2 protein chains.
Amino acid sequence: MSIDQAPSARGLSTGPRLGSRASREAILLAARARFAKDGFSGSTIRGIAGDAGVDASLVMQYFGSKNELFAAVIASGPNTISRIAEAFDGPEASLGERVTRAFFEVWDGDPGESEPLQALLRAAIGSEQAATQLRDLIQERVLVDLGPRLQHDADMKTRIEIASSMLVGVVVGRRLVGLDALVRQDRDSLVGYIAPAIQAILSAGAHSAQLGVVM
Amino acid sequence: MSIDQAPSARGLSTGPRLGSRASREAILLAARARFAKDGFSGSTIRGIAGDAGVDASLVMQYFGSKNELFAAVIASGPNTISRIAEAFDGPEASLGERVTRAFFEVWDGDPGESEPLQALLRAAIGSEQAATQLRDLIQERVLVDLGPRLQHDADMKTRIEIASSMLVGVVVGRRLVGLDALVRQDRDSLVGYIAPAIQAILSAGAHSAQLGVVM
DNA sequence: GAAAGTTCTCAACAACTGTTGAGAACTAAA
DNA sequence: TTTAGTTCTCAACAGTTGTTGAGAACTTTC
């Protein structure tokens with residue numbers, strides 16, 4: 001009945017505590033990898049549980065449902081958009097290269113950072129529901145992180161979405177589809193190819209009538 | 001036993017023929033739309049059959065299996081890559097615009113043309129098997145259609161794959177994810193934003209050391 | 001030792017999946 | 001009308017899916 005019956009007057013109680021976080025994290029790790037590789041509907045809870053060396057029902061016990069597990073995977077990623085947003089600070093002449101490089105570091109680098117993003121992208125392309133989730137994430141974060149850096153300018157927002165889509169497209173071609181000429185390139189030479197194009201998208205406003213946006 | 005027992009010495013025989021092609025085509029149409037919308041594993045034969053106003057087993061009877069139905073949908077699309085390849089013919093100054101416009105006409109236009117492509121892309125992003133299928137398709141067709149137009153140049157092949165990935169990325173952002181600033185733009189203004197970037201990718205070889213490729 | 005609390009597994013359910021075989025419903029020829 | 005051939009549906013299969021509830025196995029406190 002009463003809460004204060006706790007054994008040693010603390011929140012800690014009797015049972016085993018060591019395995020708890022370890023299994024939970026193993027599940028999250030396995031789910032991250034599988035969602036990134038097979039998409040949402042292509043991944044199964046039994047498969048994830050098997051990878052984590054755990055029974056499927058434990059996954060349910062920790063995360064409630066497959067949808068919540070997926071949400072936990074997405075939430076487990078660090079705030080990548082703010083890292084990309086930081087690339088907007090600096091001289092305009094090298095804007096394309098900074099943004100391109102930041103994108104590759106986030107999407108093409110450490111699995112802990114890239115796998116949740118790839119999972120979200122795969123799921124978003126695979127189902128309308130996840131697409132809404134991704135859309136909202138972009139909508140929120142981009143406004144929060146990029147808003148202060150740029151004046152509210154519909155044209156610049158369009159340019160950012162185009163440039164982002166292009167960069168994501170290259171990552172999709174390289175990592176998800178596996179186009180061989182893209183896979184073979186190392187990151188630096190890819191940046192060499194791509195940065196001028198991104199620069200053309202992002203800084204073209206400076207050549208047109210209404211400008212003074214970025215700097 | 002013998003084949004020549006056919007009633008009127010023709011290939012035509014007794015049963016109803018009207019429904020045949022109509023149902024087959026209705027199934028193919030429904031499958032095209034659903035694969036494009038929900039991906040491969042997200043689509044069900046029962047759902048496709050329901051859209052076509054037909055029992056699920058009829059789908060099996062016509063196409064044998066879900067995989068073969070998918071292959072039929074992919075094969076039903078016209079040869080889009082050759083249409084894009086044609087855009088490479090012409091003055092180099094407007095190469096970016098021609099290619100960009102051709103891409104949008106193919107990927108963002110008539111459902112009969114764009115839906116098989118979107119279906120293949122969704123499936124390729126959703127599973128490794130379909131990714132191989134897409135990779136092979138690109139490998140074959142690009143070499144066949146673009147090979148004669150360009151000299152065999154690894155650098156140009158890389159540039160083409162990058163530009164294609166970028167354009168596909170924009171289509172994904174616009175059609176599959178639904179980024180609102182991209183959805184709002186009409187095609188012409190999108191081309192206005194994007195063409196210079198594609199031009200930068202495709203014709204940048206002319207500015208670098210080893211050149212003479214495109215012209 | 002017993003008791004309490006935690007972590008985890010077993011077995012099963014209900015729904016849905018692709019797929020199959022048998023037989024209706026219909027159409028055209030005899 | 002009978003017969004043969006075609007188009008299509010019904011009912012069911014075996015497997016997999018997410019999900020659930022009961023109870024083992026283990027750890028700490030008394």
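Residue numbers begin at 1 in each chain, while the letters A, B, ... track the order of the sequences. All values derive from a computational prediction rather than experimental measurement. For the numbers below, each heavy atom of this structure counts, side chains included, while hydrogens, waters and symmetry mates do not.
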Colleague: Could you please name the option among dT9(C), dG18(D), dT20(C) that lies closest to any side-chain atom of Met60(B)?
Modeller: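 So the nucleotide nearest the side chain must be dT20(C).
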
Colleague: Taking for each residue the nucleotide of DNA chain D bearing the nearest heavy atom, is the 5' side occupied by Thr44(A) or by Gly64(A)?
Modeller: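 The residue whose closest nucleotide sits nearer the 5' end is Thr44(A).
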
Colleague: Distance check needed: dG18(D) P versus Phe63(A) CZ, whole Å only.
Modeller: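 Phe63(A) atom CZ is separated from dG18(D) atom P by 15 Å.
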
Colleague: CG of Asp55(B) versus P of dG21(C): gap in Å, rounded?
Modeller: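 Answer to the nearest Å: 16 Å.
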
Colleague: Whether Glu161(B) and Arg174(A) form a salt bridge (side-chain N of Lys/Arg under 4.0 Å from carboxylate O of Asp/Glu) is what I want to check.
Modeller: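 Looking at Arg174(A) and Glu161(B), the cut-off is not met.
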
Colleague: At less than 3.5 Å, do the side-chain atoms of Ser57(A) and the base atoms of dC10(C) form a donor-acceptor pair?
Modeller: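 In this structure, the two groups form a donor-acceptor pair.
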
Colleague: Round to the nearest Å and state the distance from Glu68(A) atom CD to dT19(D) atom C1'.
Modeller: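 One finds 12 Å between C1' of dT19(D) and CD of Glu68(A), rounded.
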
Colleague: Take atom CG of Leu58(B) and atom P of dA25(C), then tell me their distance rounded to the nearest Å.
Modeller: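 For the pair Leu58(B) CG and dA25(C) P, the rounded distance is 17 Å.
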
Colleague: Hey, are Arg101(A) and Asp188(A) close enough for a salt bridge, meaning a charged N less than 4.0 Å from a carboxylate O?
Modeller: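 Asp188(A) and Arg101(A): salt-bridged.
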
Colleague: Once you round it to whole Å, what is the distance between P of dA24(C) and CD of Gln61(B)?
Modeller: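 Answer to the nearest Å: 16 Å.
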
Colleague: Looking at Asp180(A) and Lys157(B), is any side-chain nitrogen of the basic one under 4.0 Å from a carboxylate oxygen of the acidic one?
Modeller: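 Looking at Asp180(A) together with Lys157(B), the answer is yes, because their closest N to O distance falls below 4.0 Å.
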
Colleague: So what does Ser41(B) hit on the nucleic acid, given a heavy-atom distance under 4.0 Å: a base, only sugar-phosphate, or nothing?
Modeller: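 Answer is nothing: Ser41(B) stays at 4.0 Å or more from every strand.
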
Colleague: Using a cut-off of strictly less than 4.0 Å, decide whether Tyr62(B) has a side-chain nitrogen or oxygen near OP1 or OP2 of dT7(D).
Modeller: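 Looking at the OP1 and OP2 atoms of dT7(D), neither is under 4.0 Å from any side-chain N or O of Tyr62(B).
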
Colleague: Could you state the CG-P distance from Asp38(A) to dT17(D), rounded to the nearest angstrom?
Modeller: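 Atom CG in Asp38(A) sits about 11 Å away from atom P in dT17(D).
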
Colleague: Is it true that Lys37(B) and Glu115(B) make a salt bridge, defined as a side-chain N closer than 4.0 Å to a carboxylate O?
Modeller: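 Between Glu115(B) and Lys37(B) there is no salt bridge, as every charged N stays at least 4.0 Å from the carboxylate O atoms.
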
Colleague: Calculate the interatomic distance between Ile45(B) atom CD1 and dA12(D) atom C1'; express it in whole Å.
Modeller: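 My rounded result for the distance is 16 Å.
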
Colleague: Rounded to whole angstrom units, what separation is found between the CZ atom of Arg34(A) and the P atom of dT17(D)?
Modeller: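 In whole Å, dT17(D) P and Arg34(A) CZ are 10 Å from each other.
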
